[in-house]
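What follows is a single structure, written as structure tokens, with notes after it.
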Amino acid sequence: MMDFRDLSAQELLAGMGAGWNLGNTLDAICSRLGTPAQCEMAWGNPVTTPEMVKLLADTGFSTFRIPVTWEAHIGPAPEYKIDEPWMDRVQEVVDYGIDNGLYVILNLHHEDWHFPSYDNYESVEGKLIAVWTQIAGRFGGYSEKLLFETMNEPRMKGTPQEWSGGTAEARDVLNRWNAAIVAAVRDTEGHNAQRYILVPTIAASADEVALRGFVLPEDDRVIVSVHAYTPYNFALNTKAPDNIFTSSVAREIDALFRRLDRFFLSKGIPVVMGECGSVEKGNLESRVEWAAHYAGKAAEHGVPVIWWDNGIQITPANNEGFGVMDRRNVTWWYPEIVEAFIAPYR
């Protein structure tokens, strides 16, 4: 069992600084018949290597978020047993981060089975508890540098409310599920009674309606998890022409962190920005300015930020070019963006 430092949330977040997401990799959706390596490469990225993760640490990143989709690797009810080879591979990648001195965030990512509704509430809660009990059991002996994140962007998929804050019912169900997962993790052994756990708002949204409807579990070691590709037309909307960093772009970023401060930070509630970034639109200079301003404002508020990297360098039709790491050559496509993103935390 690893040593476990008893840190305050503020101490923990100060160490997490700037982070990087291993996107479109262990979170790829694949067939239950696929091997771990086939699943890991299903969306076009290479198998993750220790060298990639060492590059993160050597460059100055402090946090390594590992999105994982478990659905194809979970057996039937009532045990919902996770396939051993998949759990082993996830642990191997977690160890790459821990061995390089990084904070590591492990989650449930592209799961299609936890639509938040009263009809689904009871059955899904049982499955969430079963899955998280297994994950927490496997990783209970890890240090405080491993954090769990209950879900990724849980939302009303396929409905008009998917990205607009959901409904009161969906928010209520999500709040209950977050609390149930936290309680289940606390009931496992090792260091899990003290481990920090990230809990998302509906769709991990930082919009007003989502923040108003969020209820923090009654636990003194939880952190709010939000995502914000702000402003949408500059940072995420590939069909919008907006590709210049302007004062209005800066103002929207400023407003985002003022909102997080109003709801959480000013009340002593810690926040992690689990995903952010800006797509490539042939606008390197503006993306560097965006990264510097976004991370600078986050650092000013004590919020770690984690860049979403899906391994895609450019922005082809119907896709999003968030990639900054050339994983096959283990180098940076956009070192200027990376440096601007990390610098405020040095």
Side-chain angles (χ1 to χ4, degrees), residues 18-21 23-24 27 43-45 65 67 110 152-153 155-166 201-211 226-260 273-301 303 305-327 331-344:
W20 182 88
N21 274 282
N24 286 25
D27 58 315
W43 284 357
N45 281 313
R65 183 170 180 257
H110 296 298
N152 175 78
E153 298 179 355
R155 61 195 189 273
M156 302 174 68
K157 290 186 72 172
T159 74
Q161 296 83 24
E162 181 172 2
W163 298 110
S164 60
T201 61
I202 192 82
S205 172
D207 292 344
E208 186 102 8
V209 65
L211 302 188
V226 293
H227 300 168
Y229 298 88
T230 302
Y232 171 70
N233 282 337
F234 175 91
L236 181 58
N237 187 357
T238 58
K239 296 179 172 59
D242 309 46
N243 66 347
I244 304 298
F245 185 84
T246 63
S247 59
S248 65
V249 170
R251 284 195 298 271
E252 286 202 43
I253 294 169
D254 297 350
L256 161 67
F257 286 98
R258 283 198 304 271
R259 191 161 58 249
L260 293 175
M273 184 61 68
E275 288 183 21
C276 62
S278 63
V279 291
E280 191 276 335
K281 295 183 179 182
N283 58 338
L284 177 58
E285 184 176 340
S286 281
R287 292 179 80 203
V288 170
E289 291 183 79
W290 182 94
H293 189 86
Y294 195 109
K297 191 58 62 172
E300 179 184 315
H301 284 82
V303 175
V305 290
I306 308 175
W307 184 278
W308 177 253
D309 190 322
N310 55 10
I312 300 171
Q313 181 184 11
I314 60 172
T315 302
N318 301 316
N319 221 321
E320 301 160 348
F322 281 109
V324 292
M325 182 191 288
D326 178 353
R327 302 186 198 179
T331 187
W332 297 110
W333 280 317
Y334 301 112
E336 306 94 332
I337 295 174
V338 170
E339 175 57 29
F341 195 68
I342 293 173

Original post:
Going by heavy atoms in the side chains, are Ser248 and Phe234 under 4.5 Å from each other?
Top reply: no
Subject >> Trp308 to Pro67 - nearest heavy-atom pair and separation >> reply: CZ3-CG, 3.8 Å
Original post:
Would you say the side-chain atoms of Asn45 pair up with the backbone N or O of Asn24, donor to acceptor, closer than 3.5 Å?
Top reply: yes
Subject >> Shortest non-hydrogen contact from Asp27 toward His110 >> reply: O-CD2, 3.1 Å
**OP:** Would you name the heavy atoms of Cys276 and Val305 that are closest together and state the gap between them?
**Re:** SG-CB, 4.1 Å
**OP:** Kindly say whether Ser278 contributes a backbone atom to a donor-acceptor pair with the side chain of Arg287 at under 3.5 angstrom?
**Re:** yes
Original post:
Out of curiosity, Tyr229 OH to Asn237 CG, how far, rounded to the nearest 0.5 Å?
Top reply: 14.0 Å
Original post:
Is the backbone N or O of Glu280 less than 3.5 Å from a side-chain atom of Thr315, with the two atoms forming a donor-acceptor pair by type?
Top reply: yes
Original post:
Within the side chain of Lys281, is there an N or O that forms a donor-acceptor pair under 3.5 Å with the backbone of Pro241?
Top reply: no
**OP:** Starting at CD1 of Ile342, measure out to CH2 of Trp307 and round the result to the nearest 0.5 Å.
**Re:** 11.0 Å
Subject >> For the student: nearest non-hydrogen atoms of Pro344 and Ala292, plus distance >> reply: CG-O, 4.2 Å
Subject >> Leu211 vs Thr201, side-chain contact (heavy atoms from CB on, under 4.5 Å): CA-CA, chis, key distance, verdict >> reply: CA-CA 7 Å; Leu211 302 188; Thr201 61; 3.9 Å; yes
Original post:
Would Phe322 and Leu236 satisfy side-chain contact (heavy atoms from CB on, under 4.5 Å), going step by step from the backbone distance to the final call?
Top reply: CA-CA 9 Å; Phe322 281 109; Leu236 181 58; 3.6 Å; yes
Subject >> Side-chain heavy atoms of Met273 within contact of Val226, under 4.5 Å >> reply: yes
Original post:
At what distance, to the nearest 0.5 angstrom, does CH2 of Trp333 lie from CE of Met325?
Top reply: 9.5 Å
Subject >> Heavy-atom closest contact (Ala235 atom, Gly277 atom, distance) >> reply: CB-O, 3.4 Å
Original post:
Considering only heavy atoms from C-beta outward, does the side chain of Ile253 approach that of Trp290 to under 4.5 Å?
Top reply: yes
Original post:
Distance from Glu252 atom CD to Asn233 atom CG, nearest 0.5 Å?
Top reply: 8.5 Å
Original post:
Going by heavy atoms in the side chains, are Val249 and His293 under 4.5 Å from each other?
Top reply: no
**OP:** Could you check if a side-chain atom of Glu285 sits within less than 4.5 angstrom of a side-chain atom of Phe245, using non-hydrogen atoms only?
**Re:** no
Original post:
Is there a donor-acceptor pair under 3.5 Å between the side chain of Asn243 and the backbone N or O of Asn283?
Top reply: no
Subject >> Arg259 side chain vs Ala206 backbone, donor-acceptor pair below 3.5 Å >> reply: yes
Original post:
Mind checking whether Phe257 and Tyr294 have ring centres under 6.0 Å apart?
Top reply: yes
Subject >> Asp254 vs Lys297 side-chain heavy atoms within contact, under 4.5 Å >> reply: yes
**OP:** Drop me the distance from Arg155's CZ to Gln161's CD, to the nearest 0.5 angstrom.
**Re:** 13.5 Å
**OP:** Find the distance between CE (Met156) and CH2 (Trp163) and round it off to the nearest 0.5 Å.
**Re:** 13.0 Å
Original post:
Any sub-3.5 Å donor-acceptor pair from Asn310's side-chain atoms to Glu320's backbone N or O?
Top reply: yes
Original post:
Backbone N or O of Val324 within a donor-acceptor pair of the Asp309 side chain at under 3.5 Å?
Top reply: yes
**OP:** Answer whether the closest heavy-atom distance between the side chains of Leu260 and His301 falls below 4.5 Å.
**Re:** no
